[in-house]
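First the structure, in the form of structure tokens, and then the observations on it.
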2 protein chains.
Amino acid sequence: MKKEAFVNNTTVCKMKIRAITDTMDLLSGKWKFHIIGTLLEGQSLGFMELQREIDGVGAKMLSKELKDLEMNKLISRTVMDTKPITVKYALTDYGKTLRPIIDEIAHWGVAYRNTITN
Amino acid sequence: MKKEAFVNNTTVCKMKIRAITDTMDLLSGKWKFHIIGTLLEGQSLGFMELQREIDGVGAKMLSKELKDLEMNKLISRTVMDTKPITVKYALTDYGKTLRPIIDEIAHWGVAYRNTITN
DNA sequence: ACCATAGGTTTCCTTTGGGAAAGTACTTTC
DNA sequence: GAAAGTACTTTCCCAAAGGAAACCTATGGT
């Protein structure tokens, strides 16, 4: 008798696994959590503002990650009719639903730091 | 006057950003969420069991990710005195504290799928 | 002897991620 | 008219991630 998966073999678990994969696909990369985290605090920020806020990010990566997030409808990109031209990035209502995830992760990270430093 | 970061420049925000970085460092890689998610369901599993449960993971990556997680005290590795030798992996109490994160991510992923398919 | 099982490690290879710097285009300020 | 600011894109390059397959040790079954 050949052995097969059993724990993850229920419909519920398969859904859960797929859900985790889906979410992490959207949020993969070094900067997405930082961008979303920053936009959760800052409401609406320009490109250069974001680059200043997010320590270490280069223009290329920021540009690319913003595009990814925009494609997935998590953030909006609005070109303002100002001189010089400015662009503002903000979370969509949909993107804002990520707050619980970000908060859980931040919360865990704080607790983690307290644990290892004691 | 040189422009500087302001949104992320408070002590609270710096802590939050660092916390997110910390957490994601521990959980980076393609398989860690899957391993933890599976162990949250399965309690205690052997190497081959994990490989069967986690669709697509190769022995090398599984081995490496398990080592990473063990080093960070998120899982335990126990060699059993059986013949043939077996090893069981389980979440530590500390690793179990990741459940809210995993659950939030899974929950969001399910909602996400419902959104895009409508 | 031969195969299957458990639990890996090692080698080789390809793909992806990511950074630095330069280039584009337009506008305002000195 | 030169510099500097906004908002990128493009190119070039390197390092890290990840997969496939072979290999290793050991035991038990037929």
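Just so you know, these numbers come straight off a predicted model, no measurement behind them. By convention in this document, chain letters (A, B, ...) are assigned in the order of the sequence lines, proteins followed by strands, and residues within each chain are numbered from 1.
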- Take B:L27 and B:L98 through the test side chain to side chain contact (heavy atoms under 4.5 Å, CB included) and record every step on the way to the result. CA-CA 10 Å; B:L27 302 179; B:L98 287 167; 4.1 Å; yes
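Straight-line distance from the CE atom of A:M80 to the C1' atom of C:dC26: 18 Å, rounded to whole Å. B:F47 has its CZ atom 19 Å from the P atom of C:dA4, to the nearest Å. Nucleotide C:dT5 holds its C1' atom 16 Å from the CG atom of B:L50, rounded to whole Å. Put simply, CD on A:Q51 is 13 Å from C1' on C:dA21, counting in whole angstrom units. Distance, A:K67 NZ to D:dT10 C1': 10 Å, rounded to whole Å. Nucleotide D:dT9 holds its P atom 12 Å from the CD1 atom of A:I85, rounded to whole Å. Atoms CG (A:D68) and P (C:dT16) sit 14 Å apart, rounded to a whole Å. A straight line from CD of A:E49 to C1' of D:dT6 spans 11 Å, rounded to a whole angstrom.
A distance of 12.0 Å separates OG1 of B:T86 from CG of B:L45, quoted to the nearest 0.5 Å. If you take CG on A:L91 and CG on A:L39, they are separated by 4.5 Å, rounding to the nearest 0.5 Å.
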Nucleotide N/O to protein N/O under 3.5 Å, stretch nucleotides 18-22 of chain D:
unit_1: D:dG18; atom_1: OP1; unit_2: B:K30; atom_2: N; d: 3.0
unit_1: D:dG19; atom_1: OP1; unit_2: B:K30; atom_2: NZ; d: 2.4
unit_1: D:dG19; atom_1: OP2; unit_2: B:W31; atom_2: NE1; d: 3.1
unit_1: D:dG19; atom_1: N7; unit_2: B:K60; atom_2: NZ; d: 3.2
unit_1: D:dG19; atom_1: O6; unit_2: B:K60; atom_2: NZ; d: 2.3

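Fit an axis to the five pairs at each end of the helix from C:dA1-D:dT30 to C:dC30-D:dG1 and the two axes sit 10° apart, to the nearest 10 degrees.
By the 4.5 Å heavy-atom criterion applied to side chains, B:I35 and B:L62 are counted as neighbours.
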Can I get a per-line list of side-chain donor-acceptor pairs under 3.5 Å for residues 71-81 of chain B, giving both atom names and the distance, sequence neighbours left out?
unit_1: B:N72; atom_1: ND2; unit_2: B:D68; atom_2: O; d: 3.2
unit_1: B:S76; atom_1: OG; unit_2: B:A90; atom_2: O; d: 3.4
unit_1: B:R77; atom_1: NE; unit_2: B:Y89; atom_2: OH; d: 3.3

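Neither OP1 nor OP2 of D:dT6 sits under 4.0 Å from any side-chain N or O of A:Y89. Put simply, B:R77 has a side-chain N or O that comes within less than 4.0 Å of OP1 or OP2 on C:dG8. At the phosphate of D:dT9, OP1 or OP2 sits under 4.0 Å from a side-chain N or O atom of A:S63.
Counting only residues at least two apart or in different chains, side chain to side chain donor-acceptor pair (under 3.5 Å) contacts with residues 18-29 of chain B comprise A:H34-B:T21, A:R113-B:D22.
At a threshold of 4.0 Å, the pair B:E65-B:K30 does not count as salt-bridged, since none of the basic side-chain nitrogens sits closer than that to a carboxylate oxygen.
Under the side-chain contact (heavy atoms from CB on, under 4.5 Å) criterion, A:R99 pairs with A:L40, A:D103, not counting sequence neighbours. A search for side-chain contact (heavy atoms from CB on, under 4.5 Å) contacts involving B:A59 returns B:F47, B:Q51, not counting sequence neighbours.
For A:M48, the listed nucleotide lying nearest its side chain is D:dA7; candidates were C:dA6, C:dG8, D:dA7.
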